[in-house]
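So the structure is just underneath, and the comments pick up after that.
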Protein chains: 2
Amino acid sequence: MPAQLLKGKPIADKIKEDVKKEVEDLKAKGVSPSLVAIQVGENEASKVYTNAQKKNAELCGIKYDLQELPADMTQEQLIKHIDGLNKDPNVTGIILQMPVPEQIDAKVCQWRIAYEKDIEGVTPTNMGLVTFGEPRLVPCTAQGAFELIKSTGVDLYGKEVVVVGHSDIVGKPAALLLLNSFGTVTVCHIATGQRGLTEEHVRRAEILVVAVGVPHLVKGDWVKEGAIVVDIGINVKDGKLLGDVETEVAMEKAAWVTPVPGGAGTATTAILMRNTVEAAKWQLEMKQS
Amino acid sequence: MPAQLLKGKPIADKIKEDVKKEVEDLKAKGVSPSLVAIQVGENEASKVYTNAQKKNAELCGIKYDLQELPADMTQEQLIKHIDGLNKDPNVTGIILQMPVPEQIDAKVCQWRIAYEKDIEGVTPTNMGLVTFGEPRLVPCTAQGAFELIKSTGVDLYGKEVVVVGHSDIVGKPAALLLLNSFGTVTVCHIATGQRGLTEEHVRRAEILVVAVGVPHLVKGDWVKEGAIVVDIGINVKDGKLLGDVETEVAMEKAAWVTPVPGGAGTATTAILMRNTVEAAKWQLEMKQS
């Protein structure tokens with residue numbers, strides 16, 4: 001039996017519906033979730049994201065403010081700008097769009113965002129909370145992958161989980177979410193590949209998450225019978241969109257496979273909206289305590 | 001050839017020697033590292049630790065202040081006390097001794113410690129920095145395990161690493177330190193054991209860290225030929241001290257095995273002293289920036 005497609009859209013739609021209601025509830029309490037996206041200099045690729053953010057925010061009743069700052073600003077100026085947003089009670093969520101111009105250290109600036117407004121989950125405090133199994137604001141794509149997996153109804157307890165890719169924004173947080181659900185988690189990466197051991201690990205994965213950005217790195221016949229495969233990669237090759245997994249072949253063995261595109265990434269912006277609400281609630285709690 | 005013993009004492013001695021020098025340097029700059037250990041109520045087991053802390057601190061030239069607070073204090077009072085220490089420029093490191101009385105939520109109070117004074121690395125911010133591969137104040141026993149492994153001269157890049165136990169203070173941070181050194185890391189735990197899969201994972205481990213607190217959970221013959229075995233467990237059974245690994249049998253196959261006691265735990269207090277210095281330096285940086 002070929003795999004079922006594990007699509008992001010139904011999850012994204014459900015999240016947005018819930019967020020919309022929560023935003024109404026919050027507004028009734030006098031709290032208006034509001035998202036500021038900082039764009040330093042122009043970037044065509046970023047526009048795809050910021051347009052999607054704007055559309056989704058409006059749909060959910062979240063105020064969206066794209067702040068376009070000059071490409072030649074200094075890091076010090078950007079930090080000052082972020083500090084201002086941190087202090088502004090009318091701003092409940094902050095994103096710094098990547099990439100930033102080279103005179104700016106992206107990490108220093110992202111880490112400057114107040115953790116309770118850090119809706120992309122990029123600050124050490126939020127990553128620490130994920131590690132401790134007490135997540136609050138989780139990197140959106142990792143959270144999307146996690147929710148897609150859970151949506152299959154699988155019991156994660158004791159499952160053999162393999163995550164290929166150990167980036168700070170996807171691989172690590174996804175691995176930690178799955179570990180804290182009592183999966184037995186292996187994290188593979190470039191060094192695993194260089195030793196030729198990725199295949200061996202993938203072959204025993206009951207749950208497989210791949211987030212490396214290399215088209216068809218994971219061969220379809222490596223996939224275990226009945227596995228859940230979440231492929232985060234979206235690569236352009238010879239004019240085609242390819243995942244990190246050989247999806248069509250993988251579908252012959254897996255139980256669930258995410259389509260590319262249309263998988264975990266599809267839920268990312270919806271989760272960003274939910275994080276904006278979560279951030280607003282967190283700030284409300286902090287004010288009340 | 002039987003395994004070599006991977007002892008903590010030489011590493012601890014070297015760390016203390018370095019710390020002593022660093023403390024002198026800091027004092028010359030007008031900074032005096034000082035450690036406050038908070039003990040709420042009396043606890044016999046804690047005394048072993050606080051006595052070791054005091055002795056090591058004095059040896060390194062670090063001011064040590066054991067603050068014994070009443071067993072019936074409220075959480076609110078303890079938080080207020082911690083806030084006071086956070087603000088006190090003469091206190092550079094803070095520990096909350098475990099356990100605390102039941103009316104107090106240990107986590108809430110530990111997380112209240114200013115991250116730059118959190119010398120046990122128990123706050124989300126410090127754990128997030130470990131996760132990101134930019135560690136600053138790392139949980140001491142996990143750091144000890146990591147340094148013991150590195151002291152063998154092994155190149156961690158691409159090594160098959162298995163960590164048994166996923167506690168917040170040992171298993172997770174040790175796994176993350178090893179992952180960020182490009183080991184291919186698998187984390188096993190109780191759910192792995194319940195599926196009977198711990199043995200299979202242990203058998204392929206070139207580097208094995210076990211921190212579960214179950215005497216001889218890992219059988220000696222599971223250990224891979226030439227492996228490095230770090231056993232964090234110290235269990236009392238029938239009047240004997242036993243590790244989580246069947247040490248004597250493991251020594252027939254492994255290249256390096258930590259003795260129990262005398263392994264990674266032995267470096268813990270020395271690393272706590274180094275963290276105290278690191279914290280003082282961090283605070284100095286923050287003041288200067």
Side-chain angles (χ1 to χ4, degrees), chain A residues 76 79 107-108 110-111 115 118 121-136 139 155-164 166-169 171-173 175-176 178-198 200-201 204 206 289, chain B residues 76 79 107-108 110-111 115 118 121-136 139 155-164 166-169 171-173 175-176 178-198 200-201 204 206 289:
Chain A
E76 208 181 324
I79 283 177
K107 195 176 273 186
V108 168
Q110 284 187 315
W111 289 9
Y115 62 83
D118 165 31
V122 294
T123 57
T125 302
N126 280 314
M127 186 54 75
L129 290 169
V130 170
T131 306
F132 282 144
E134 307 222 5
R136 197 85 211 223
D155 179 8
L156 288 164
Y157 194 89
K159 285 289 179 301
E160 292 284 303
V161 177
V162 175
V163 177
V164 184
H166 77 316
S167 70
D168 288 339
I169 55 164
K172 284 182 202 168
L176 288 160
L178 292 159
L179 174 64
N180 288 323
S181 301
F182 284 91
T184 299
V185 178
T186 301
V187 183
C188 302
H189 41 65
I190 188 162
T192 320
Q194 284 174 2
R195 272 193 75 183
L197 293 176
T198 307
E200 190 183 314
H201 285 289
R204 58 176 176 74
E206 295 167 318
S289 76
Chain B
E76 207 181 325
I79 284 178
K107 194 176 273 186
V108 168
Q110 283 187 315
W111 289 9
Y115 62 83
D118 166 32
V122 292
T123 57
T125 302
N126 281 314
M127 186 56 73
L129 290 169
V130 170
T131 305
F132 282 143
E134 307 222 6
R136 197 85 210 223
D155 178 8
L156 288 165
Y157 194 88
K159 285 288 181 300
E160 292 284 303
V161 177
V162 175
V163 176
V164 185
H166 77 317
S167 70
D168 289 340
I169 55 166
K172 283 182 205 170
L176 288 160
L178 292 158
L179 174 64
N180 289 323
S181 301
F182 284 89
T184 298
V185 178
T186 301
V187 183
C188 302
H189 41 64
I190 187 162
T192 321
Q194 284 173 2
R195 273 193 73 184
L197 294 176
T198 308
E200 190 182 313
H201 285 290
R204 59 177 175 74
E206 294 167 320
S289 75

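Proteins come first, then strands; the chains are lettered A, B, ... in the order of their sequence lines, and each starts at number 1.
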Euclidean distance, A/Tyr157 OH relative to B/Ile190 CD1, rounded to 0.5 Å: 5.0 Å
Looking only at A/Ala175, A/Cys188, A/Gly183, the option with the highest number of non-hydrogen pairs under 4.5 Å against chain B is A/Gly183
If I compare all heavy atoms of B/Thr131 with all of A/Leu176, which pair ends up nearest, and what's the gap? CG2-CD1, 3.7 Å
For the student: nearest non-hydrogen atoms of A/Glu160 and B/Arg195, plus distance: N-NH1, 4.0 Å
Among A/Lys159, A/Gln194, A/His201, which residue has the highest count of heavy-atom pairs closer than 4.5 Å to chain B? A/His201
Answer key: most heavy-atom pairs under 4.5 Å with chain A among B/Val163, B/Val187, B/Asn126, B/Val162 is B/Val187
Drop me the distance from B/Thr123's OG1 to A/Phe132's CZ, to the nearest 0.5 angstrom. 7.0 Å
Part of B/Thr198 lying under 4.5 Å from any heavy atom of chain A: neither
Atom CG of residue position A/Leu197 - does it have more than 12 heavy atoms of other residues, nucleotides or ligands inside 6.0 Å? yes
Using the rule given for side-chain contact (heavy atoms from CB on, under 4.5 Å), can you reason through B/Lys172 versus A/Leu179, listing the C-alpha separation, both sets of side-chain angles and the distance that settles it, and then say yes or no? CA-CA 10 Å; B/Lys172 283 182 205 170; A/Leu179 174 64; 4.2 Å; yes
Which one, A/Thr192, A/Val161, A/Val130, A/Val185, leads in non-hydrogen pairs under 4.5 Å with chain B? A/Val185
Does any heavy atom of chain A fall under 4.5 Å from the side chain of B/Asn180, the backbone, both, or neither of them? side chain
Apply side-chain contact (heavy atoms from CB on, under 4.5 Å) to B/Trp111 and A/Thr125, showing your working. CA-CA 10 Å; B/Trp111 289 9; A/Thr125 302; over 6 Å; no
Is it the case that more than 12 heavy atoms not belonging to B/Ile79 sit under 6.0 Å from its CD1 atom? yes
Closest heavy-atom pair, B/Thr186 versus A/Arg204, reported as atoms and distance to 0.1 Å, is OG1-NH2, 4.0 Å
Quick check on B/Val122 against chain A: is it the side chain, the backbone, both or neither that has a heavy atom closer than 4.5 Å? backbone
Salt bridge B/Lys107-A/Glu134, side-chain N to carboxylate O under 4.0 Å: yes
Step by step, would you call B/His166 with A/Phe182 a side-chain contact (heavy atoms from CB on, under 4.5 Å)? CA-CA 9 Å; B/His166 77 317; A/Phe182 284 91; 3.6 Å; yes
Working to the nearest 0.5 angstrom, can you tell me the gap between B/Leu129 CG and A/Met127 CE? 11.0 Å
